[in-house]
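Along the sequence shown, the residues carry numbers beginning at 1. FYI, side chains are in, hydrogens and waters are out, and symmetry mates aren't considered; it's all heavy atoms of this structure.
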Amino acid sequence: MNQNKIIESFHEGHCIEAYRIFGAHFTTENQEFGVRFTVYAPHARNIFVVGTFTDWDTSAVQMDRTEHVGIWSVFIKGVHEWDAYKYKIETNRGAYLYKADPYAFYSQTRPENASKIYNLEDIRWNDDSWMQERSKNFDKPVSIYEVYAGGWKKNGEYPYTYVQLQQELIPYVKEKGYTHIEFMPLCEYPYDGSWGYQVSGYYSLNSRYGNPTEFAAFVNACHAAGIGVIIDMVPVHFVKDDFGLIAFDGEALYEYADQENAESEWGTMNFNLWNEEVRSFLMSSAAFWCETYHVDGIRVDAVSNLIYWGGNKNRGVNQGSVDFVKRQNYYLNREFPGVMLIAEDSSDYPKVTHSTVDGGLGFDYKWDLGWMNDTLKYYATDPLFRVYDHHKITFSMHYFHSERFLLPFSHDENVHGKKTIIDRMWGDYDTKFAQVKNLYAYMFAHPGKKLNFMGNDIASFREFDEKRELDWFLLDYPKHAAFARYFCDVNTLYAKESCLYKEDYVKGNGFQWIDADNAKQSVYSFIREDDSEILICVLNCKGEKYLEYNIPVPESGTYKEILNSEKEMYGGCGICNPSPLQSFENGMHGKFKNSITIRLAPWAAIWLSKKKVTKKV
């Protein structure tokens, strides 16, 4: 697409490559090498480029108003990579504003906030086969490790760099059986305590951990190791800091003009998603990360706030914002068909993961926050009273096939006094470990892709704190070491057993209850299956043991225990089923005419596997 076409599309709100025009780009003009700066500021009286190459204000370079509405541009020779710059904007009221470039590819590290010139053309890739073969993974295993890059590991007070994360995070993720890494926002942001969710630079890679070339090398290494990379996108709101997008050219440009809708509940500014140029800005940002950094997924934050005004259903649907979401997902699906589009949505708005062609929002996956809340409440309940909450475990399958759901235990469930996943479990120290093992066997056997925040897999008791690294010393304690081994085995088994993911989103296939109604004993049993295998999951959610517990099974034959949370090597009591289990006729006339008898330890979670009988044609 040529420049005029891109600009025309930008004004129409259908542009996903605005970054090719706007920002600071190395180029040669009239046989002079330099940088062309281009910015959108329709309300400005004059605009100047200031920076290290102009001694800042002392020799500012005035930009030219182009023939295109609201667009200013200038070519400056003698500008170098790493030079810092800002736009000095004279407003219609005669005031001067100093603004970072909305399309900057890199920025100074906080507390400094100027944009920096970076040449992305030097990035090299060798992941062609990965890029050609990747998909939405609907029928593949997806186990996501959610990471705050500044808090996984640290060197003293300094977080690991992209280079160090490449050296240590990738082998860790590979060893533990994860399929994807999801980073909390890696766009530039000024306030550490926002964890990246209060963005100042939507095209600017977070400078705390390194530069764009180093991050691209990290992604390249992930792909070489068979690991996908997902990033968080925050299209609802942006920071109020005066160097950013707020009143960019002296008037409301990126935000709503009215006070009621301009400010968000987070103390930030809401994007005006009815504005066509704002739509192009955000859509192009999403496309930029897919194109420039080869990311494999985008998780969109706070989708309920995109759907409803202020995230409040009582205020009604924000139709302009909904139209933006549909438009962005349509273009991203068209241009990047292997990139997963994931909605972090707490609403009951319909068709979130349905095609935009069919009236849906066009996401591929939606976080199942209802499942997360019900499940954690159940495991926090005293077992004496679980009989009254039995439905909290069974309810999710009543609505599961209304969307393509992803099961998350994210950073949001490890902060703000909610307690970490293991600390939410009912009971004393030992019982918490027994139950959290039960929980994860349930999670990985339940239909839907999986996400776990860093620290979940080592049973961290301390809530997430962006100023500290994970408590890796916990692995020196036997209980935590045993649990870490268990989590790794569950994660690895999940990817190995195709029946646990292949039929996730095929209604009527892949899942059925064996016994969903045993509230008195709080024992659940269900089947996951595909065309080659049957896997039976049994969950004992009380501290009672059963040395002869009968489980109806769909086929006669031999069943093998492939997972038991109470194995001694996982810190359990050792009541297991080491020998193959032969079925017997149970005399029942229901859909299951055969049963097996198992040993069921207190709090035990068991997976039993059997290859299907091949029927002769």
Check whether His237 reaches the backbone of Glu265 with its side chain - one donor and one acceptor, N or O, closer than 3.5 Å.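 Such a contact is absent between His237 side chain and Glu265 backbone.
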Main-chain N/O of Asn113 paired to Ser107 side chain as donor or acceptor, under 3.5 Å: no
More than 12 non-hydrogen atoms from neighbouring residues, nucleotides or ligands closer than 6.0 Å to [atom1] on [X], yes or no?
X      : atom1 : answer
Asn30  : CG    : no
Tyr191 : OH    : no
Tyr330 : OH    : no

Expected list for residues 331-341: side-chain donor-acceptor pairs under 3.5 angstrom, two or more places apart:
residue, atom, partner, partner atom, Å
Tyr331, OH, His14, ND1, 2.7
Asn333, OD1, Lys136, NZ, 2.5
Asn333, ND2, Asn329, O, 2.9
Asn333, ND2, Gly362, O, 3.2

Taking all non-hydrogen atoms of both residues, which atom of [X] and which atom of [Y] are closest, and how far apart?
X      : Y      : result
Leu369 : Asp345 : CD1-O, 3.7 Å
Leu282 : Gln328 : O-OE1, 3.6 Å
Ala286 : Met233 : CB-SD, 3.9 Å
Tyr256 : Ala262 : O-CB, 3.4 Å
Leu273 : Ser321 : CD1-OG, 3.3 Å
Asn261 : Trp309 : OD1-CE3, 3.4 Å

Take Glu463 and Arg468 through the test salt bridge (Lys or Arg N to Asp or Glu O under 4.0 Å) and record every step on the way to the result. CA-CA 10 Å; Glu463 287 190 349; Arg468 297 174 59 179; over 6 Å; no
Cationic tip of Arg110 within the cone over Tyr189's six-membered ring, i.e. under 6.0 Å and within 45° of the normal? no
Geometric cation-pi criterion, Lys99 with Phe243: 6.0 Å, 45°: no
Sorted by chain and residue number, the salt bridge (charged side-chain N to carboxylate O under 4.0 Å, His left out) partners of Lys467 (sequence neighbours excluded) come out as Asp465
Salt bridge (charged side-chain N to carboxylate O under 4.0 Å, His left out) against Arg20, all qualifying residues, sequence neighbours excluded: Glu17
Stepwise side chain to side chain donor-acceptor pair (under 3.5 Å) test for Thr268 and Ser264: CA-CA 5 Å; Thr268 50; Ser264 79; 2.5 Å; yes
Got [X] and [Y] here, is their nearest side-chain heavy-atom distance under 4.5 Å?
X      : Y      : answer
Leu165 : Thr161 : no
Thr27  : Phe33  : no
Phe218 : Val163 : no
Tyr505 : Thr353 : no
Leu205 : Cys187 : no
Leu97  : Thr91  : yes
Phe183 : Ile230 : no
Val322 : Asn318 : no

Should [X] and [Y] count as an ion pair when the cut-off is N to O under 4.0 Å?
X      : Y      : result
Lys116 : Asp83  : no
Asp301 : Arg299 : yes
Glu255 : Lys240 : no
Asp412 : Lys418 : no
Arg279 : Glu12  : no
Lys313 : Asp348 : yes
Lys449 : Asp504 : yes

Is the [X]-[Y] ring centre distance short of 6.0 angstrom?
X      : Y      : answer
Tyr197 : Trp266 : no
Tyr162 : Tyr209 : yes
Phe281 : Phe238 : no
Tyr87  : Tyr98  : no
Trp195 : Phe464 : yes
Phe271 : Tyr202 : yes

Among Leu245, Ile246, Val236, find the one that has a side-chain contact (heavy atoms from CB on, under 4.5 Å) with Met269.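 One option only clears the test, and that one is Ile246.
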Kindly assign one of parallel, tilted or perpendicular to the pair Trp152 and Tyr160, based on the angle between their ring planes and the thresholds 30° and 60°.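 Trp152 vs Tyr160 ring planes: perpendicular.
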Partners passing side chain to side chain donor-acceptor pair (under 3.5 Å) against Trp130 (at least two apart in sequence or in another chain): His223, Asp296
Do Lys86 and Asp101 pass the salt bridge (Lys or Arg N to Asp or Glu O under 4.0 Å) test, and can you show the C-alpha distance, the side-chain angles, and the key distance before you say yes or no? CA-CA 6 Å; Lys86 283 186 177 182; Asp101 187 348; over 6 Å; no
Restricting to pairs with a member in residues 30-54, which pass salt bridge (charged side-chain N to carboxylate O under 4.0 Å, His left out), not counting sequence neighbours? Glu29-Arg36, Glu32-Lys77, Arg45-Glu90
Which residue pairs pass the ring pair (Phe, Tyr, Trp, His ring centres under 6.0 Å) test with at least one member in residues 35-62, sequence neighbours excluded? Phe10-Tyr40, His11-Tyr40, Phe37-Phe53, Phe37-Tyr85
Would Asn126 and Asn220 count as a side chain to side chain donor-acceptor pair (under 3.5 Å) if you check the C-alpha gap in whole Å, the side-chain angles of each, and the deciding distance to 0.1 Å? CA-CA 7 Å; Asn126 57 13; Asn220 203 33; 2.7 Å; yes
Only one of Tyr19, Phe215, Phe288 forms a ring-ring contact (aromatic ring centres under 6.0 Å, His included) with Phe105, so which one is it? Phe288
